[in-house]
K.L.:
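The structure that follows is given in the form of structure tokens.
All chains are named by letter (A, B, ...) in the order of the sequence lines, taking the proteins before the strands, and each is independently numbered beginning at 1.
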Amino acid sequence: MSVASKWGSKKQRAEAILAKLKILYPDATCSLDYQTTLQLLVATILSAQCTDERVNKVTPALFKRFPDARSLAGCDLAKPALREREELETLIRSTGFYRNKAKNIQGAARKIVAEYGGEVPQTMAELITLPGVGRKTANVVLAHGFGIVEGVTVDTHVKRLSKRLGLTEYQDPIRVERDLMKLLPQPDWENWSIRLIYHGRAICKARSPNCDDCQLAHLCPSAGSSNI
DNA sequence: ATCCCGAGGG
DNA sequence: CCCTCTGGAT
């Protein structure tokens, strides 16, 4: 029996999954800790290939030492930039990829100071010109920082679960995003990602998905299968 | 396709 | 030991 005949159309199933997610995770929000949009941007860059829990362990000291774009850019310090970057690297070291992340955070901060008056720009086109900022990071900053939903945030969890749920065949995040944008109502794009991430962390884990405890199993073509 | 990178789980 | 964690640049 085909997936379509057993579960209805892809779009119907997507909306049924969305409705169930809203019940399962009614209060789901971005789990990164931050006070300003700049801090949200920095925390999101740090979250690459790293748990949010770990990011939240380093950001209190990080944001105390470097509270805004100007301080991250090194403009208000007499110290040479290299010394400053080493200090930044030390503060974020445990998040992994720390050399690239430090370089990107400082590069992004400098560009924000030089070209945007120290304020995080509010468009996708501008955000993705910042070093270390791709479409995923830009979507997070736009949605949570500015309330602008231009697309669906596709990270490792959203990609994995959307594929397991039979809503896309692709691996490429851009194509996954395009499929999800067609299947889901625009006002739900952002909360879809947040809730799917919660579900991915708690139940539909990358290595060993807990299909026995999954409230979406009746809507999932991969449930109980080893073919995932 | 490959590299960057540490920490935690199994 | 190997895999994964809210990726992005080359």
Side-chain angles (χ1 to χ4, degrees), chain A residues 21 25 27-34 37 39-59 61-62 85-86 88-112 120 124-146 149-165 167-168 170-177 180 184 188-210 212 226 228:
Chain A
L21 285 171
Y25 309 103
D27 302 318
T29 56
C30 177
S31 43
L32 294 169
D33 297 335
Y34 62 94
T37 310
Q39 292 181 355
L40 170 62
L41 174 65
V42 171
T44 308
I45 291 174
L46 290 176
S47 73
Q49 300 295 292
C50 174
T51 61
D52 285 13
E53 189 181 357
R54 177 147 299 282
V55 173
N56 289 337
K57 283 187 174 181
V58 310
T59 45
L62 175 63
R85 186 146 90 212
E86 286 169 0
L88 182 53
E89 286 178 355
T90 301
L91 284 165
I92 68 172
R93 187 174 168 284
S94 68
T95 65
F97 297 165
Y98 64 92
R99 278 192 280 266
N100 276 338
K101 287 176 181 175
K103 184 168 52 170
N104 288 335
I105 287 167
Q106 193 168 59
R110 286 182 174 169
K111 190 160 186 174
I112 287 168
V120 180
M124 173 65 70
E126 291 170 315
L127 282 167
I128 62 177
T129 69
L130 300 173
V133 179
R135 204 177 158 79
K136 180 261 168 182
T137 299
N139 269 329
V140 170
V141 171
L142 286 172
H144 299 280
F146 301 119
V149 181
E150 287 198 17
V152 181
T153 301
V154 177
D155 65 356
T156 181
H157 291 298
V158 175
K159 184 174 74 171
R160 182 180 72 251
L161 271 67
S162 297
K163 190 171 168 66
R164 285 178 177 172
L165 287 163
L167 302 179
T168 184
Y170 296 112
Q171 293 289 341
D172 175 13
I174 300 292
R175 289 179 170 162
V176 173
E177 181 176 4
L180 293 173
L184 299 165
D188 288 306
W189 288 352
E190 176 244 338
N191 77 71
W192 167 267
S193 298
I194 292 292
R195 294 192 164 108
L196 220 54
I197 288 164
Y198 270 69
H199 195 66
R201 283 201 285 246
I203 305 289
C204 193
K205 292 178 276 190
R207 186 132 29 143
S208 53
N210 191 353
D212 291 342
S226 55
I228 50 178

K.L.:
Roughly, in whole Å, what's the span from NZ in A:Lys205 to P in B:dG8?
P.N.:
17 Å
K.L.:
Would you tell me if any nitrogen or oxygen in the side chain of A:Ser94 comes within less than 4.0 Å of OP1 or OP2 on B:dA7?
P.N.:
no
K.L.:
Could you state the CG-C1' distance from A:Leu41 to C:dG7, rounded to the nearest angstrom?
P.N.:
13 Å
K.L.:
In this structure, how many angstroms lie between the P atom of C:dG7 and the OH atom of A:Tyr98, rounded?
P.N.:
20 Å
K.L.:
May I have the distance from A:Asn56 (atom CG) to B:dG6 (atom P), rounded to whole angstrom?
P.N.:
21 Å
K.L.:
If you count heavy atoms of other groups shown closer than 6.0 angstrom to CD of A:Glu53, is the number above 12?
P.N.:
no
K.L.:
According to a strict under-4.0 Å criterion, is A:Thr137 in side-chain N/O contact with OP1 or OP2 of C:dG8?
P.N.:
yes
K.L.:
What's the CD1-C1' distance between A:Ile92 and B:dA7, to the nearest Å?
P.N.:
15 Å
K.L.:
Does A:Phe97 stack onto the base of B:dG6, taking stacking as ring centres under 5.5 Å apart and planes under 30° apart?
P.N.:
no
K.L.:
How is A:Val133 classified with respect to the nucleic acid when contacts are heavy atoms under 4.0 Å: base, sugar-phosphate, or nothing?
P.N.:
sugar-phosphate
K.L.:
Before accepting this row, confirm whether a basic side-chain N of the pair A:Arg135/A:Glu177 lies closer than 4.0 Å to the acidic partner's carboxylate O.
P.N.:
yes
K.L.:
Within the 4.0 Å heavy-atom criterion, would you say A:Arg201 contacts the bases, only the backbone, or no part of the nucleic acid?
P.N.:
base
K.L.:
For A:Ser193, which contact category applies under a 4.0 Å heavy-atom criterion: base, sugar-phosphate, or nothing?
P.N.:
nothing
K.L.:
Taking for each residue the nucleotide of DNA chain C with the nearest heavy atom, is it A:Cys50 or A:Pro131 whose nucleotide lies nearer the 5' end?
P.N.:
A:Cys50
K.L.:
Which of these nucleotides, C:dG7, B:dA7, C:dC5, is closest to any side-chain atom of A:Thr51?
P.N.:
C:dC5
K.L.:
Do other residues, nucleotides or ligands put more than 12 heavy atoms under 6.0 Å from the NZ atom of A:Lys103?
P.N.:
no
K.L.:
Are A:Arg207 and C:dC5 close enough that a side-chain N or O sits under 4.0 Å from OP1 or OP2?
P.N.:
no
K.L.:
Would you give me the side-chain donor-acceptor pairs under 3.5 Å for residues 192-200 of chain A, sequence neighbours excluded?
P.N.:
| residue | atom | partner | partner atom | Å |
| --- | --- | --- | --- | --- |
| A:Ser193 | OG | A:Thr153 | N | 3.4 |
| A:Ser193 | OG | A:Thr153 | O | 2.7 |
| A:Arg195 | NE | A:Tyr25 | O | 2.7 |
| A:Arg195 | NH1 | A:Asn191 | OD1 | 2.8 |
| A:Arg195 | NH2 | A:Tyr25 | O | 3.4 |
| A:Arg195 | NH2 | A:Pro26 | O | 3.3 |
| A:Tyr198 | OH | A:Thr29 | O | 3.3 |
| A:His199 | ND1 | A:Tyr25 | OH | 2.6 |

K.L.:
For DNA chain B, whose closest nucleotide is more 5', that of A:Arg99 or that of A:Lys57?
P.N.:
A:Arg99
K.L.:
Which whole-number value in Å describes the distance from A:Asn100 CG to B:dC3 P?
P.N.:
13 Å
K.L.:
Base, sugar-phosphate, or nothing for A:Leu130, non-hydrogen atoms under 4.0 angstrom?
P.N.:
sugar-phosphate
K.L.:
Mapping A:Lys101 and A:Arg54 to their closest nucleotides on DNA chain B, which lands nearer the 5' end?
P.N.:
A:Lys101
K.L.:
Taking atom P in both B:dA7 and C:dG8, compute the distance separating them and give it to the nearest angstrom.
P.N.:
22 Å
K.L.:
Measure from the side chain of A:Ala206, starting at C-beta and using heavy atoms only, and say which of C:dC5, B:dG9, C:dG7 lies closest.
P.N.:
C:dC5
K.L.:
Would you check if A:Leu127 and A:Val120 make a side-chain contact, meaning some heavy-atom pair closer than 4.5 Å?
P.N.:
yes
K.L.:
Nearest whole angstrom, please: distance from the P of C:dG8 to the CZ of A:Arg135.
P.N.:
11 Å
K.L.:
Without decimals, in angstroms, what is the distance between A:Gln49 CD and C:dG8 P?
P.N.:
10 Å
K.L.:
With heavy-atom distances below 4.5 Å as the criterion, would you say the side chains of A:Leu62 and A:Val42 are in contact?
P.N.:
yes
